Amino acid sequence: MGGVVDILSWICIGGGLFFSLMGGIGLLRFPDFYARCHAAGITDTLGSILILSGLMLQTGIELNLARLILILLFLLFTSPVAGHAIARAAHQHGLEAQVDGEDVTDA
Amino acid sequence: MKKTVSLTLMLFALWLLWSGIYTFMITSFGVASVILCVWLAHRMNIVDSEGHPAHLALAHITYGPWLLWQIVLANIDVSKRVLSGNINPCWVRIKAPQKTPLGRVIYANSITLTPGTTTVQLSGDELLVHTIHREVGEDLARGAMASRVSKLEGQD
Amino acid sequence: MPELINIALLTFLVVISVVIIRAKDVFTAVMLSGIFSLLCAGLFTVMDAVDVAFTEAAVGAGVSTVLMLAALSMTTSQEKERPTNWGALVVAVLTGALLVYGTLDMPKYGDPAAPVHTHEQVAKRYVETSLVEIDVPNMVTSLLASYRGFDTLGETTVVLTACIGVLLLLGGRRREEDEHEGS
Amino acid sequence: MFVVASIGILVCMSLALVRAAKGPTVFDRILAVNNMGTKTVLLIAVLGYLTGRPDFLDLAMIYVLINFIGTFAILKFVKYGDLAQAAPPEGE
């Protein structure tokens, strides 16, 4: 294990922990459900990406690398679908969002 | 038929990755399970261009890194907002310009995957998106991501 | 250092149990018990029992959450207000104490002098020959699927029967409803 | 160093746990549970490296999929009050 790769991987894992923590704090701090969805998104995306990449750098070229990549792919494919499904269910249930001002449109 | 073959190959590659042990007996189990899965998928009629979009695999090579960079930027932005508490949530109603349902789904998922924006509803070609701040919403409505996904869709 | 993680996970389990007990909404309780199973599985992983963790994740967090939700869909999700039942508390505490008392006799976790590890023939034979005889690298799997194959087959049959039973019960109810709506 | 990583993930899990316990709506709880599932996956992956047995990654993989399916089961229950029912024919 080269020293540079080692340092890089720890930077990745540290960054991942930082973003996961941000997600956790946001989950507690944000005022309503829809805003919390965004906070949860941080953990699901960059948090996991960085932590898993850090682990990948620790692994080197072997089968486990492929496994880590697959875990990451699964996470990245499933988390938006799950997040969208939760938000849609809440919306259809009539859960109001705290918004001010008008809706933004592209027209 | 082409899809069935590529599905079989993909499943077997996946099996080889997960197994890590390549004696004759265990590999033959793997072959048997792959054949069973493909047969079941065939019976369920899910081997089509939506369930197995192999034609988009190449296009993702350029789209993936771009999306990743957007995710990184959005993460930093939302993390700042978590710390400062500077949020101003609003709804965004936009049209998805993609032609196929698959393209629209990719667009909607890309929006959700980027923190700060969550697709709440996708009906027809209309998207209802919740954004964490008005600026983020206006940025999304300018449609940089939408045109990227349209290009991806057109590459097949 | 794994001890620290064990302690943290166990603390989570205790916190979740307290929240489950205090939850008035049964739906919340079901979902929290899903997390409970997931964390249990994490704990098993730390203790090197990967096979148990697999089962716990699939059955505890996956199937039983779904089953409980299915059961919940037939009742209301609010718990009735009831006076605290002190008798039940005493019984639960006594049972728990008995179980803890029972574990005192067990050999320590990972103790090489435990009877399982020191038995002359059984453990030694499995460890030495299972790879040669069965050709499956994971010893626990090879034991379960070959030496104890009939035992495992019986277990699987029980689980399958239970699943079919539950599905029949749920399905039967739905058909009745459909007919009701149709008439 | 893996110890630091796993402790960090445990801290994040405790934050999500607080949200799951506090609610206030059902959807907040589902979100927290789903989030905790993701963190459990990460925790198990890191633990595999901590104990020097990266074989645990298989377990993490199973967790990702179970977490996904579990979230959908819960949502289907919330939406239709019944797991076995299909979506109404008019779709959205």
Side-chain angles (χ1 to χ4, degrees), chain A residues 15 18-19 21-47 49-50 62-67 69-70 73 76-92 95 97-107, chain B residues 13-14 16-21 64 67-68 71-83 85 87-97 105 108-122 127-143 146:
Chain A
F18 170 77
F19 280 109
L21 208 62
M22 286 301 110
I25 294 173
L27 206 59
L28 285 182
R29 223 183 132 179
F30 280 162
D32 81 324
F33 164 76
Y34 295 99
R36 284 177 203 138
C37 276
H38 304 312
I42 304 181
T43 322
D44 278 351
T45 56
L46 203 57
I49 291 174
L50 283 177
E62 52 166 314
L63 272 184
N64 283 323
L65 186 70
R67 290 190 180 140
I69 292 173
L70 273 175
L73 279 183
L76 288 184
F77 278 125
T78 58
S79 78
V81 180
H84 165 69
I86 297 172
R88 197 184 70 166
H91 181 70
Q92 289 190 335
L95 188 69
Q98 292 177 13
V99 288
D100 24 293
E102 287 171 8
D103 296 353
V104 177
T105 52
D106 57 348
Chain B
L14 214 60
L16 286 178
L17 278 182
W18 280 342
S19 163
I21 299 146
L67 183 63
L68 201 65
I71 289 174
V72 172
L73 291 180
N75 265 294
I76 295 169
D77 181 61
V78 177
S79 297
K80 271 188 205 150
R81 291 183 199 285
V82 167
L83 289 177
I87 61 169
N88 178 14
C90 71
W91 293 110
V92 177
R93 279 170 206 283
I94 48 175
K95 284 217 185 300
V105 168
N109 268 350
S110 306
I111 290 176
T112 313
L113 200 51
T114 327
T117 51
T118 306
T119 316
V120 172
Q121 207 166 34
L122 168 65
L127 291 169
L128 178 62
V129 183
H130 186 271
T131 58
I132 195 159
H133 197 277
R134 189 160 284 276
E135 294 160 14
V136 182
E138 279 160 4
D139 200 38
L140 180 71
R142 261 173 240 133

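We name chains A, B, ... by the order of the sequence lines, and we start the count at 1 in each one. If you're wondering where the values come from, they're calculated on a predicted model, not measured in any experiment.
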His38(A), His91(A), His84(A) screened by ring pair (Phe, Tyr, Trp, His ring centres under 6.0 Å) with His130(B), the one that passes: His38(A)

Test side chain to side chain contact (heavy atoms under 4.5 Å, CB included) applied to Ile49(A) and Leu68(B), step by step: CA-CA 10 Å; Ile49(A) 291 174; Leu68(B) 201 65; 3.8 Å; yes

Residue part contacting chain A, namely of Thr131(B), when any heavy atom lies under 4.5 Å: backbone

Shortest non-hydrogen separation from Leu113(B) to Thr45(A) and the atoms involved: O-CG2, 3.1 Å

Non-hydrogen atoms of Ala87(A) and Val120(B) that approach each other most closely: O-CG1, 3.9 Å

Heavy-atom proximity to chain A below 4.5 Å, by part of Thr117(B): backbone

Heavy-atom pairs under 4.5 Å with chain A, option from Thr114(B), Leu16(B), Ile111(B), Thr119(B) with the top count: Thr119(B)

Chain B interface, residue from Pro80(A), Gly41(A), Cys37(A) that has the most non-hydrogen pairs under 4.5 Å: Pro80(A)

Worked check of side chain to side chain contact (heavy atoms under 4.5 Å, CB included) between Ile132(B) and Tyr34(A): CA-CA 8 Å; Ile132(B) 195 159; Tyr34(A) 295 99; over 6 Å; no

Reported CG-to-CG distance for the pair Leu76(A) and Leu67(B), which is rounded to 0.5 angstrom: 8.5 Å

Check: Arg29(A) side chain, Leu83(B) main-chain N or O, donor-acceptor pair, under 3.5 Å: yes

Under 4.5 Å from a heavy atom of chain B, the part of Phe30(A) involved: side chain

Contacting moiety of Leu14(B), where chain A heavy atoms sit under 4.5 Å: side chain

Interface residue of largest heavy-atom contact number with chain A, from Ala108(B), Ala74(B), Pro115(B), Ser110(B), under 4.5 Å: Pro115(B)

Among Val105(B), Thr118(B), Val129(B), residue most engaged with chain A (heavy-atom pairs, under 4.5 Å): Thr118(B)

Atom group of Ile86(A) that falls short of 4.5 Å from chain B, counting heavy atoms: neither

